[in-house]
Protein chains: 2
Amino acid sequence: MSLADPDTSSPAEVPRRPRGRPRKTADERDDGNRRRELVAGAARLFRQQGFAATSTRDIAAAVGMRSGSPFYHFESKEALLGAVMLEGMQGALQRQQAALAQLPAGAAPRERLRALVRNHFDVLLGPDSDFIPVMLYEWRSVNAAQRVEVNQLKDRYEADWVPELEALHAQGQLGADPVLARLMIFGALNWSAQWYVPPSGRSARARSRASLDELTESALQLFLREPR
Amino acid sequence: MSLADPDTSSPAEVPRRPRGRPRKTADERDDGNRRRELVAGAARLFRQQGFAATSTRDIAAAVGMRSGSPFYHFESKEALLGAVMLEGMQGALQRQQAALAQLPAGAAPRERLRALVRNHFDVLLGPDSDFIPVMLYEWRSVNAAQRVEVNQLKDRYEADWVPELEALHAQGQLGADPVLARLMIFGALNWSAQWYVPPSGRSARARSRASLDELTESALQLFLREPR
DNA sequence: CCTACCGATCGGTAGG
DNA sequence: CCTACCGATCGGTAGG
């Protein structure tokens with residue numbers, strides 16, 4: 001997973017004991033910031049234009065680099081796409097687990113599902129929400145190795161939904177088989193990336209949040225029946 | 001909408017009265033077949049690889065043409081994409097209206113919605129089902145003029161769903177606001193193009209049909225509550 | 001990270 | 001519909 005070693009010290013010779021302040025390694029340098037900027041810029045452009053229609057020159061320009069420079073940070077355009085998806089899923093999973101951890105101990109399955117849906121809307125439509133839509137809509141362009149890696153995170157993300165859906169089904173609040181229900185519910189939510197436009201006007205942030213809350217309530221009303 | 005005139009008769013001169021059997025015009029010749037092959041081949045490749053990742057050479061090769069020949073039938077790659085979407089929506093709308101016309105006169109909203117959902121699964125997942133997924137997932141690549149044209153058909157397609165959803169909402173069978181419900185239901189159904197794999201084995205056709213029936217039932221169970 | 005560059009591919013066209 | 005072709009763009013690299 002690590003990048004090719006960008007250490008600029010003298011070429012292979014008899015190894016000398018380094019003197020003075022040690023050179024920073026790739027992880028210590030602020031290269032990470034430029035790398036992050038590249039991933040974020042790529043995510044935005046991949047979402048707007050699609051992976052194949054976005055050139056590495058576009059991405060370089062978006063972060064103020066020259067055309068060849070992204071290849072100092074990533075070995076290929078495909079690797080950049082993989083990084084967008086991987087970082088996107090890492091963030092989404094972290095936020096989901098934080099949202100679940102914040103719930104009271106004995107929260108009912110319906111409340112837990114509400115938290116999962118609300119977080120998913122935030123992941124799809126909130127601030128910095130380019131990563132997951134890119135993952136959803138550019139899946140065919142990512143190579144097999146990265147697909148496996150991202151899939152592991154996706155499996156963990158979806159696994160958190162299963163017990164809640166099963167409990168709701170057992171309680172009669174969910175009318176369909178939980179496996180198919182999960183697929184269709186994710187479809188309904190994921191599709192919102194295609195049509196949702198955040199409300200404009202002053203205090204856009206507050207309104208937008210309110211509106212994702214409203215979306216969440218509507219989704220629950222659609223999918224769930226009254227408790228028996 | 002018609003193509004540039006491919007008539008191969010003598011160049012502009014004093015018009016002579018044609019003798020013998022009249023030359024066929026573009027609409028009469030079987031050029032339409034080649035055009036149709038191009039659109040179908042483009043639909044398949046656009047779905048598999050995406051619009052931007054598919055070259056016009058790929059499409060030409062898929063129908064046994066040389067690289068320049070698609071441009072005899074379509075003035076640009078974009079126009080080919082537009083044709084895929086337009087023909088896809090025309091077919092989907094026709095099939096939907098046929099499905100509705102086949103229902104008994106006094107069919108309940110629930111039965112009418114079932115027919116709409118079943119037809120939509122067929123449009124998305126049945127035979128010759130590349131066109132609509134391309135429309136759904138390559139929308140950003142089509143130009144403004146064709147977007148308007150396709151949107152008119154899409155509006156008519158979706159308009160058929162509205163009275164049924166409103167009636168079901170009024171009856172308490174649909175728990176959410178019909179406008180948002182329509183968006184989410186279409187999302188749930190459209191997403192199936194991403195995960196559905198038709199059942200294999202002998203008599204694949206019969207099994208596949210049965211399975212789309214099952215999907216339809218599950219969708220209705222998920223979205224609708226018991227009638228009051 | 002920039003400069004300068006390469007080979008490959010692409011959409012599209014002229015002329016028949 | 002094919003042949004032969006063009007200019008533009010693209011992903012990627014060597015060398016510093």
Side-chain angles (χ1 to χ4, degrees), chain A residues 3-12 23-26 28-39 41-42 45-46 49-84 138 141-143, chain B residues 3-12 23-26 28-39 41-42 45-46 49-84 138 141-143:
Chain A
L3 298 167
D5 182 17
D7 194 315
T8 53
S9 60
S10 55
R23 270 280 172 69
K24 292 180 178 179
T25 68
E28 292 168 326
R29 277 205 303 242
D30 66 348
D31 288 355
N33 292 330
R34 298 299 275 157
R35 198 193 124 103
R36 278 179 178 281
E37 288 173 43
L38 272 173
V39 175
L45 291 170
F46 288 163
Q49 311 171 359
F51 171 73
T54 301
S55 70
T56 55
R57 283 164 170 81
D58 291 340
I59 299 167
V63 300
M65 286 179 181
R66 298 308 188 105
S67 67
S69 301
F71 296 97
Y72 170 77
H73 296 275
F74 293 91
E75 64 179 6
S76 67
K77 187 186 173 188
E78 243 184 3
L80 239 174
L81 178 64
V84 169
E138 301 291 345
S141 297
V142 78
N143 67 42
Chain B
L3 298 167
D5 183 15
D7 195 316
T8 54
S9 59
S10 55
R23 272 279 172 67
K24 291 180 180 179
T25 67
E28 292 168 328
R29 278 206 302 245
D30 66 348
D31 288 354
N33 291 331
R34 297 300 274 157
R35 198 193 122 104
R36 275 178 181 282
E37 288 173 42
L38 272 174
V39 175
L45 292 170
F46 288 162
Q49 312 172 356
F51 171 74
T54 302
S55 70
T56 55
R57 282 164 170 81
D58 292 339
I59 298 167
V63 300
M65 286 180 182
R66 299 308 187 105
S67 67
S69 302
F71 296 98
Y72 170 77
H73 296 277
F74 293 91
E75 63 179 8
S76 68
K77 187 186 174 190
E78 243 185 2
L80 239 175
L81 177 63
V84 169
E138 301 292 345
S141 298
V142 78
N143 67 42

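Here is the naming used below: chain letters follow the sequence lines, and residue numbers restart at 1 for every chain.
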**Request:** Would you mind telling me which of D:dT3, C:dC1, C:dC10 lies closest to the side-chain atoms of A:M65?
**Result:**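 Ranking D:dT3, C:dC1, C:dC10 by closest atom to the A:M65 side chain puts C:dC1 first.
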
**Fill in**
Symbol by symbol from the 5' end, with Watson-Crick or G-U pairs under 3.5 Å, [ ] crossing and | another strand, DNA chain D is ||||||||||||||||

In whole Å, what is the span from the [atom1] atom of [X] to the [atom2] atom of [N]?
X     : N      : atom1 : atom2 : value
B:R35 : D:dC1  : CZ    : C1'   : 16 Å
B:Q49 : C:dC10 : CD    : C1'   : 14 Å
A:Y72 : C:dT3  : OH    : P     : 16 Å
B:R66 : C:dC10 : CZ    : P     : 16 Å

**Message:** Would you say that B:E138 contacts B:V84 through its side chain, given a criterion of any heavy-atom pair below 4.5 Å between the two side chains?
**Reply:**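 With C-beta onward as the side chain, the pair stays apart.
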
**Asked** Is there side-chain contact between B:F74 and B:V39, with heavy atoms separated by less than 4.5 Å?
**Response**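 Touching, per the 4.5 Å side-chain cut-off.
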
**Asked** What pairs with B:E37 under salt bridge (charged side-chain N to carboxylate O under 4.0 Å, His left out), at least two apart in sequence or on another chain?
**Response**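 Only B:R34 meet the salt bridge (charged side-chain N to carboxylate O under 4.0 Å, His left out) criterion with B:E37.
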
Write down the protein N/O and nucleotide N/O pairs, taken from nucleotides 12-16 of chain C, whose separation is under 3.5 Å; answer none if there are no such pairs.
| from | atom 1 | to | atom 2 | distance (Å) |
| --- | --- | --- | --- | --- |
| C:dG12 | OP2 | B:K77 | N | 2.7 |

What's the shortest heavy-atom distance between [X] and [Y], and which atoms?
X     : Y      : answer
A:A60 : A:S67  : CB-CA, 4.2 Å
A:A52 : B:A52  : CB-CB, 3.5 Å
B:F51 : B:S141 : CD2-CB, 3.5 Å

**Item:** Approximate separation, where rounding is to 0.5 Å, of B:L45 CG and B:T56 OG1
**Value:**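 Reported to 0.5 Å precision, the distance equals 11.5 Å.
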
**Request:** With rounding to the nearest 0.5 Å, note down the distance linking CG in B:L81 to CD in B:E78.
**Result:**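 That separation rounds to 7.5 Å.
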
